[in-house]
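See below for the structure under consideration.
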Amino acid sequence: MMKPFAYLKAKTPAEALAALNSKGARIHAGGTDLLGCLHDHLFTVDKVVSISGIKEWSGMTGRPDGGLKIGCLTTIASIAASAVLKEKYAVLAQAASEVASPQLREQGTIGGNLCQRPRCWYYRGDFPCARKGGETCFAVEGENQNHAIFSNGPCFFVHPSDTAVALSALQARLTVAGPAGTRTVPIESFFLAPEKAIDRENVLEPAEILTEIHLPAPAAGARSSYRKIRSRQSWDFALTSVALWLQVDKGMVSQARCWLGGVAPAPWRAAAAEKLLAGKKLNAALAASAGQAAAEGAVPMRDNAYKVEMVKGAVEESLLRLLA
Amino acid sequence: MSHYYEEMEESFRNSFEPAPGPVAEAKIRPWEKTQLVGKGVPRVDGYERVSGAAQYTADIVLPDMLYAAILRCPHAHAMVKSIDTSAAEKMPGVLAVLSGKSPGADLPWYGGKAAQSKLFDTHCRHEGEEVAAVAALTPYQAADALRAIRVEYETLPFVLDPAAMQPSAPKLYEGGNAVGEPRIVKRGDVAQGFAEADVVLEETFYTSVQMHATMEAHGSVAKWDGDKLTLWDSTQGVYDGVLFGAARALNMPFNKIRVICKYMGGGFGAKLEVGKYSIIAALLARKTGRPVKAMLPREDTFLCTGNRPEARMTLKAGVKKDGTLTALQLTNLSTPGAYASGTSVGYQVAELYKCPNVLVSESGYYSNAGRARPFRAPGFPSGNWCLEQMMDMLAVKLGMDPVELRLKNFTEVSQTRQVPYTSTGLKECLLQGAKAFGWQEARAAKKSDGPVRRGFGMAAGMWSGGNGSPPYTAEVRLFVDGGITIKTGAMDIGTGTKTVACMVAAEELGVPLESVRIENADTAVTPYGQSSGGSMTLPGLIPAVRKGAWLVKQQLLAWGAEALGVPAEDVELKGNAIGSRSAPDKKKPLEELLRANGVMDVIGIGNRDPNPPKKAINPFGAHFAEVEVNTRTGEVRVVRLLGANESGRVINQKTFHNQVFGGMTQCLGFALTEKRVLDRQTGKMVNANLHDYKVPTALDVPVQHQVVAVDPQDTECNLVGCKGLGEPAHIPTASAIANAIYDAVGVRPTHGPMEPKTILELLAKKKRG
Ligand SMILES: Cc1cc2nc3c(=O)[nH]c(=O)nc-3n(C[C@H](O)[C@H](O)[C@H](O)COP(=O)(O)OP(=O)(O)OC[C@H]3O[C@@H](n4cnc5c(N)ncnc54)[C@H](O)[C@@H]3O)c2cc1C
């Protein structure tokens with residue numbers, strides 16, 4: 001039976017924070033993920049706190065340092081359509097445009113996208129898996145073609161968010177508000193590996209809200225791209241994705257950031273590829289080696305070894321396209 | 001032919017004698033010239049469908065109506081030990097709880113040749129089997145009540161794969177898991193055929209379980225008036241499916257049950273039989289004295305309303321240097337799931353090409369998974385997958401053009417029946433399709449050796465049904481103002497049957513399309529029509545419609561000739577009057593003419609005539625595909641598709657094109673993304689939702705999608721010259737895409753679907769050598 005719950009529509013940040021500071025309270029932003037979770041009985045709630053009416057948390061504004069602030073309620077659709085993002089932070093606009101389907105992009109928010117729950121079919125399905133308090137990760141011996149090739153366990157889901165991978169490549173900083181005030185979390189330390197916590201995917205405490213996303217000022221000579229591979233052209237999560245950010249100076253890659261999606265329980269940093277690229281002039285051979293390097297350390301399961309090939313190919317292709 | 005259709009045809013073909021028409025029969029001749037038939041006409045119910053005025057079963061809301069929900073077994077194999085419904089019964093809004101122990105609910109199910117089971121069987125042989133049901137004031141209360149029912153299960157070991165054939169395997173039935181004897185089709189001597197061949201190839205193929213994934217879920221609304229029951233049902237057959245099935249289950253006379261389905265949101269074979277939900281709705285409605293609606297949640301439709309079974313096929317083919325086939329040998333092992341259903345795939349191997357030596361051997365085993373049901377051309381896309389990839393492999397080996405190889409083995413005589421086809425458009429589909437596609441130029445063009453490769457492929461196909469047969473009745477009624485109403489129990493499951501029926505009546509009577517109305521699929525008021533299956537609705541019904549209209553015309557002409565004093569050939573219907581063609585001043589209002597003969601309407605009862613003896617009636621097609629394969633990522637993009645289909649007379653260009661687009665799109669899903677995934681640890685389906693089970697989206701369908709409608713001018717097959725199209729349009733697309741992938745990257749995707757994973761694994765294997 002679905003447990004009855006209270007519903008509150010907060011009008012101000014303070015009201016939202018206060019309402020959230022009680023047991024079993026959950027944020028409702030666009031609701032596209034939350035309602036599915038409740039429908040599938042993944043968890044129960046006592047109070048649903050809608051934040052969709054809070055104007056302060058919606059939209060994008062420039063920062064004094066030349067960077068950009070994105071409110072957590074900014075829709076995925078408006079991020080995908082933003083001219084500023086397309087020009088200065090292409091990787092994010094591209095990632096947003098590949099999220100879900102047009103309806104979901106209109107309704108879903110960037111905050112909700114980062115905080116959405118895993119899409120593993122065992123977690124979402126009628127299986128008592130470890131993440132739901134059960135004893136095992138069914139993917140280990142089961143149907144693991146979509147699962148992680150980089151994970152120390154005990155859970156092998158892949159983080160579903162496209163924008164998380166892009167924001168990682170942009171080194172975004174997240175503002176988190178809670179009962180004890182606000183704190184800033186670099187996106188790199190926002191997501192939690194399953195070995196650290198099996199019942200949640202990020203560092204947010206129950207009463208905390210991710211309110212803002214801050215992007216650093218665009219660096220000179222920087223360019224970026226997002227490439228998503230999936231089984232069908234829309235309404236599908238990444239089998240593998242690559243967020244690339246390169247700073248190029250006179251044909252040389254001075255700095256490289258390469259993050260992967262669809263392969264690990266959090267955006268995965270392909271550090272070996274980044275190291276290989278830094279300080280070199282990009283050509284076909286280097287792109288291929290960077291692809292190889294990106295797949296280093298992968299431990300595929302029975303049915304997902306193809307992802308290792310996919311990572312290599314996608315990184316190589318992305319590099320060549322970005323510098324074409 | 002798949003067993004299902006064989007049985008369906010057998011049982012209904014001979015059980016109804018066609019009633020004699022009202023007028024002594026003259027001969028109906030093929031139309032020489034047509035005014036309307038052959039044009040592209042929008043659907044007569046297009047407005048209702050797009051405006052939302054059309055009432056689907058899911059839309060039905062009745063005063064006092066309750067909502068049913070069905071509790072399903074969460075295990076792949078289990079015995080129900082006990083059910084405690086006491087808590088559920090006490091919940092707010094709950095008016096009735098039903099289980100196998102409830103009075104009147106202990107009903108047999110899956111009767112006949114199929115394995116015996118019950119409406120609520122304590123032996124649950126797959127995940128999703130019905131265990132209990134509730135009726136409540138709201139759907140939410142009903143869903144909540146389900147979760148309050150306590151069921152004690154004893155879980156049993158389960159089996160999903162061919163290990164079911166081992167003696168040690170968990171048994172679904174006392175007698176073991178084999179589904180009957182192997183089914184053998186034999187012609188000539190394959191050993192000799194292979195000995196005569198210059199090239200012999202053998203390959204193993206596999207196609208995954210495909211789900212129907214209909215847009216409208218399965219469901220029924222039941223309402224009792226005294227001892228009379230009305231069912232609004234999302235079905236492909238108000239008669240054969242729901243009426244006869246419900247009457248059998250509830251032990252009621254046919255005329256006490258009224259089944260209605262005016263609009264249907266997709267069936268593809270999954271809605272040919274009465275559903276457990278229909279009977280459950282009827283029982284709950286009887287128990288509560290209120291109407292009950294039982295629409296299945298999406299997840300349930302994936303578990304227990306059917307699927308296209310998997311096929312494990314090995315095909316061996318022998319061919320001479322000049323391309324002449326000498327032998328074909330196929331084995332297929334498949335499972336219908338936990339209950340009997342057809343799994344044969346071999347028909348085209350034995351029929352499509354001229355080949356003197358054929359051996360097909362197919363067998364099946366029961367497994368703890370949802371039961372298969374007919375799915376758009378049952379067995380044919382799978383059989384085509386192996387046959388048409390094999391033809392492609394032979395063409396490569398012989399250095400012959402694939403179209404050429406197929407033309408070389410073209411036949412006008414049915415190979416399995418040894419009688420000529422009334423028409424076969426296969427040759428024209430191949431030739432016209434290749435021309436429109438630019439096949440030769442495309443194949444001759446130089447290939448890029450970059451990471452993204454382009455390829456072109458094609459495949460031919462045919463369908464065992466599409467002939468249509470008696471019985472079918474269409475009542476055509478002329479009002480005195482010249483308006484026409486057709487009544488038939490035939491279905492329009494989205495295919496456009498109603499539009500085509502109106503066109504044909506209008507054509508025959510020489511009236512505008514706007515003057516014709518059709519009422520269908522209501523067993524209390526419309527005469528018998530078969531279920532929509534086998535692509536037999538159009539060729540079954542439409543000749544009966546023409547005949548009904550023709551009978552009306554004959555009557556009018558006879559009375560008109562008498563009244564006007566002119567020969568019958570000179571009489572014509574003009575609006576609300578009849579007149580003489582040669583002497584335009586001679587005319588008479590219809591009302592006067594009819595009243596003078598003691599009636600206010602003329603009714604023609606058109607029955608479907610038998611098909612011509614010693615002839616085969618089959619539709620054919622050839623599909624062409626252009627793909628891009630990204631060798632780095634395994635992505636396949638279908639950039640162009642062309643379907644050349646021959647299904648007899650093209651009555652409505654628009655609905656013809658629609659069927660080909662739709663059929664090919666559904667097969668594109670079969671080719672690239674669709675597969676049921678069962679968890680090997682629990683036997684439970686992991687992708688029982690529309691997100692993880694991937695039907696193609698609008699973006700997956702190529703923008704360049706072309707139809708070539710081949711019309712063979714068949715004057716023999718029936719009064720209208722039409723054959724069925726829905727299924728043949730769905731058959732060779734996946735094979736054409738597979739062949740295009742081979743052309744692009746030189747690896748053969750023998751195992752479907754061709755996901756990026758499949759392609760990358762094949763490419764990696766090739767690289768390893
Ligand atoms: C069918 C489907 C397909 C999808 N495909 C993709 C895809 O391809 N790629 C992709 O990236 N995503 C995909 N998504 C996810 C989709 O983008 C998210 O559902 C959406 O972005 C979430 O936004 P929302 O505002 O609706 O979140 P909600 O549903 O309102 O919230 C999601 C979760 O985050 C919490 N939450 C929301 N906002 C905050 C906040 N500011 N601070 C803290 N916690 C918060 C909620 O409590 C809840 O648990 C898909 C979703 C669906 C349903």
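Values below: all heavy atoms of this structure, side chains included; hydrogens, waters and symmetry mates excluded. Chain naming here is simple, since letters A, B, ... match the order of the sequence lines and numbering starts at 1 in each.
With respect to chain A, the highest number of heavy-atom pairs below 4.5 Å among B:P451, B:P753, B:P756 belongs to B:P756. Interface summary for chain A: among B:K684, B:Q141, B:E761, the most heavy-atom pairs under 4.5 angstrom belong to B:K684. Between chain A and the options B:T682, B:L146, B:L672, B:I759, heavy-atom pairs under 4.5 Å are most frequent for B:T682. Across A:K307, A:E309, A:E141, A:R119, the residue that shares the most heavy-atom pairs under 4.5 angstrom with chain B is A:E141.
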For this session: Before giving the answer on side-chain contact (heavy atoms from CB on, under 4.5 Å), spell out for B:Q681 and A:Y122 the whole-Å C-alpha distance, their side-chain angles and the decisive distance to 0.1 Å.
Result: CA-CA 12 Å; B:Q681 305 159 102; A:Y122 290 110; 3.8 Å; yes
For this session: Show your reasoning for whether side-chain contact (heavy atoms from CB on, under 4.5 Å) applies to B:T758 and A:Y306.
Result: CA-CA 8 Å; B:T758 323; A:Y306 74 96; over 6 Å; no
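Contacts between B:L699 and chain A at a heavy-atom distance below 4.5 Å involve backbone atoms as well as side-chain atoms. Contact annotation for A:R230: only backbone heavy atoms (N, CA, C, O) come within less than 4.5 Å of a heavy atom of chain B. Contacts of B:L763 with chain A are absent, with no heavy-atom separation under 4.5 Å from either backbone or side chain. When heavy atoms are compared at a cutoff of 4.5 Å, A:D303 approaches chain B by way of both its backbone and its side chain. Contacts between A:F127 and chain B at a heavy-atom distance below 4.5 Å involve the side chain alone, from C-beta outward. Contacts between B:V695 and chain A at a heavy-atom distance below 4.5 Å involve backbone atoms as well as side-chain atoms. Contacts of B:E299 with chain A are made by side-chain atoms alone, with heavy-atom separations under 4.5 Å and no backbone atom involved. Both the backbone and the side chain of B:V686 come within less than 4.5 Å of a heavy atom in chain A. Looking at A:I229, the atoms closer than 4.5 Å to chain B (heavy atoms on both sides) sit in the backbone and in the side chain alike.
Taken from CD in B:E674 to OG in A:S231, the straight-line distance is 11.5 Å, to the nearest 0.5 Å. Distance check: A:E316 CD to B:T633 OG1 gives 11.0 Å after rounding to the nearest 0.5 Å.
Contact record, A:K228 with B:E635: O-OE2, 4.2 Å, taken as the closest heavy-atom pair. Taking all atoms of both residues into account, the shortest heavy-atom contact from B:P74 to A:D126 is CB-OD2, 3.9 Å.
A salt bridge does not link B:D692 with A:R232: every distance from a Lys NZ or Arg NE/NH1/NH2 to an Asp or Glu carboxylate oxygen is 4.0 Å or more. Salt bridge status for B:R676 with A:E143: absent, with no side-chain N to carboxylate O gap under 4.0 Å.
Considering only heavy atoms from C-beta on, A:H41 comes within 4.5 Å of B:R147 through its side chain. You'll find the side chain of B:N689 stays beyond 4.5 Å of the side chain of A:W121, heavy atoms only. Between B:N630 and A:E317 there is a side-chain heavy-atom pair separated by less than 4.5 Å.
Side-chain polar atoms of B:E755 and A:Q145 form a donor-acceptor pair below 3.5 angstrom.
In the displayed structure, B:R637 atom CZ is contacted under 6.0 Å by at most 12 heavy atoms of other residues, nucleotides or ligands. Heavy-atom neighbours of B:Y206 OH from other residues, nucleotides or ligands within 6.0 Å: above the threshold of 12.
A perpendicular orientation is assigned to the rings of A:F237 and B:H691, their planes being inclined by more than 60° (bins at 30° and 60°).
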